[in-house]
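The structure under discussion appears below in the form of structure tokens.
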There are 2 protein chains.
Amino acid sequence: MTYLEAMSDSSLAHSALPAWAEHGVPASSSPSSLDQHLSSGAVRVVKAREHIFTAGDARTHVHRVESGAVCLYKIMPDGRRQVIDFAFPGDFIGLGCEQEYTLNAQALEPVRLKCIPAGTLSRMASRDPSLGLKLYEAMSRELAAAQDHLFTIGQRSAAERLACFLLALSRRNARQGRNPALIVLPMTRSDIADFLGLTIETISRTLTKLRSAKVIDLEQCTLVRIINTALLERLAAGEASI
Amino acid sequence: MTYLEAMSDSSLAHSALPAWAEHGVPASSSPSSLDQHLSSGAVRVVKAREHIFTAGDARTHVHRVESGAVCLYKIMPDGRRQVIDFAFPGDFIGLGCEQEYTLNAQALEPVRLKCIPAGTLSRMASRDPSLGLKLYEAMSRELAAAQDHLFTIGQRSAAERLACFLLALSRRNARQGRNPALIVLPMTRSDIADFLGLTIETISRTLTKLRSAKVIDLEQCTLVRIINTALLERLAAGEASI
DNA sequence: CGACTAATTGATCCAGTTCAATTCATGTGG
DNA sequence: CCACATGAATTGAACTGGATCAATTAGTCG
């Protein structure tokens, strides 16, 4: 995996549980007590556009997305918003050691979640060292993703940012055994803009440019087909422009 | 602490060990086996401008800064660089679960570090659940910092970014019992620019504007005195402009 | 169908970049 | 101790990528 693949890859990759297994440490007891807990745990269903939690709420639960997509964002009093990440099935949201949630989590479409009380998790972790390490690894992966995203927003052009974004979604598809060339966008242009530190107009114009350059096809405004993956990758790497 | 204070605050705050104590969980054995290890651990001295480690190096050690300042950055083949964070005495660097370092760590001035082999740390953590949780909390704090930084770079103007940066350094001084109005900058304009996603010229011009507006005084180019903290805070919050 | 929201496209503007000199600071050797 | 070299910082002038403002146009849902 190249430097840039790793970079873009993790920029949308949350701490999916399957990934943990690959980094397993000698387990003290059950290798997946968290899994067990979640499998038998409480289910929560949230309607499209509704919030799962809000920054400042007491951090009562940790959630795992079962179906649907979630937008995680921060917002300023004056309305400026930064989308920190999008979460998809398999991703955890609400992890962290703070007393309160530090992000807002909004369902982009109808979402089904599994929940575990935060207290239960920390009680389990204070008994089972392998769980603590798994949490550490999960956070470490999220940190790597945030740092890559930081690089993207701090240094890349609009076209490069969008190329990274599309490639990250494409690679997620590939990992899940879905078509990496066909990308469904459950989020609006506004969500993408606030994720990439751009405006909706720039997102729209840049998508049009990518289409004109035959890099992608916009079958619907929520459906992107990647035509020229190689060029998209060179764009993301700053080795090409459109 | 206001929303914005929290935001700027953590944007330069690393996982300083003292902070861990405040979030302690019922310890299984010793509350600070890591501390003990580090106190008696190996010391490493690095000259100014030299690298402590490079992205891609095998992640052999975790380090704690004892004295001096460190710049953590990512870089692209074409030279574009993003400074991810600065580390100061008390901060840990090299934490994470990856096999290799994902960042470059460069000494900004002569640096003294305490080192612990990565293997030793993970062995300790797989026995002591409280250590795993502490690592989890440390990463969680770093993640919060990275997410705040993301917001700053994605949404704020040059003056707002610089105000956030100076306030973060000021608050670090305050936490350490030093003068919060007198800020020593061990990093160059170029480091600050690459941290904030701007250019050296913009940093220089914006510092000049802040001086003209009597918000700060530039006693030397490495020495900033905050004259009007309230205005600097309103700038960082986007409630004022210069 | 009609009302509403999301997306696209066009025209203009501007914050921050780029390019180009100076000026300042810090060594360093004669 | 000074003169000169070198890299860092500042300042100026011109440019530009992306923002802003302003219409359309395309979906979507009662």
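When reading the values below, keep in mind they use all heavy atoms of this one structure, side chains included, and skip hydrogens, waters and symmetry mates. Numbers restart at 1 for each chain; the letters A, B, ... are given by sequence-line order, proteins then strands.
Under 4.0 angstrom from either OP1 or OP2 of D/dG17 there lies no side-chain N or O belonging to A/Ser157. OP1 and OP2 of C/dG16 both lie 4.0 Å or more from every side-chain N or O belonging to B/Thr199.
Atom CD of A/Glu201 and atom P of C/dT12 are 16 Å apart (whole Å). The distance between atom CG of B/Leu196 and atom P of C/dA15, rounded to the nearest whole Å, is 18 Å. Protein atom CD1 of B/Ile153 is 13 Å distant from nucleotide atom P of C/dG16, rounded to whole Å. As a whole-Å value, the separation of B/Gln155 CD from C/dG16 C1' is 16 Å. Between B/Ile200 atom CD1 and C/dA21 atom P there is a gap of 16 Å when expressed in whole angstrom units. Per the geometry, CG belonging to B/Asp194 stands 11 Å off P belonging to C/dT17, to the nearest Å. Between the CZ atom of A/Arg161 and the C1' atom of D/dG17 there is a distance of 10 Å, given to the nearest Å. Per the geometry, CD1 belonging to B/Ile203 stands 13 Å off P belonging to C/dT18, to the nearest Å.
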(message) For B/Glu100 and B/Arg59: C-alpha separation, side-chain torsions, deciding distance, then whether salt bridge (charged side-chain N to carboxylate O under 4.0 Å, His left out) applies.
(response) CA-CA 5 Å; B/Glu100 299 170 354; B/Arg59 206 174 62 79; over 6 Å; no
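Toward the 5' end of DNA chain D, the nearer of the two residues B/Cys221 and A/Ala159, judged by each one's closest nucleotide, is B/Cys221.
Contact annotation for B/Leu198: backbone-only contact, meaning every heavy-atom pair under 4.0 Å involves sugar-phosphate atoms and none involves a base. Using a 4.0 Å heavy-atom cutoff across all strands shown, B/Thr202 reaches at least one base atom of the nucleic acid.
B/Gln220 contributes no side-chain N or O that forms a donor-acceptor pair with the base of C/dC24 under 3.5 Å. Under 3.5 Å, the side chain of A/Arg205 and the base of C/dG10 form at least one donor-acceptor pair of N or O atoms.
Between B/Phe195 and B/Phe86, the angle of the ring planes lies from 30° to 60°, which puts this pair in the tilted group.
Checked for salt-bridge contact, B/Asp85 and B/Lys74 miss the test: no charged N lies under 4.0 Å from a carboxylate O. Salt-bridge formation is detected for the pair A/Arg171/A/Glu233: a Lys NZ or Arg NE/NH1/NH2 atom is positioned less than 4.0 Å from an Asp or Glu carboxylate oxygen.
When the nucleotides D/dT11, C/dA7, D/dA19 are ranked by their closest atom to the side chain of A/Ser204, C/dA7 comes out on top.
With rounding to the nearest 0.5 angstrom, the CD1 atom of A/Ile84 is 11.0 Å from the CD atom of A/Glu142.
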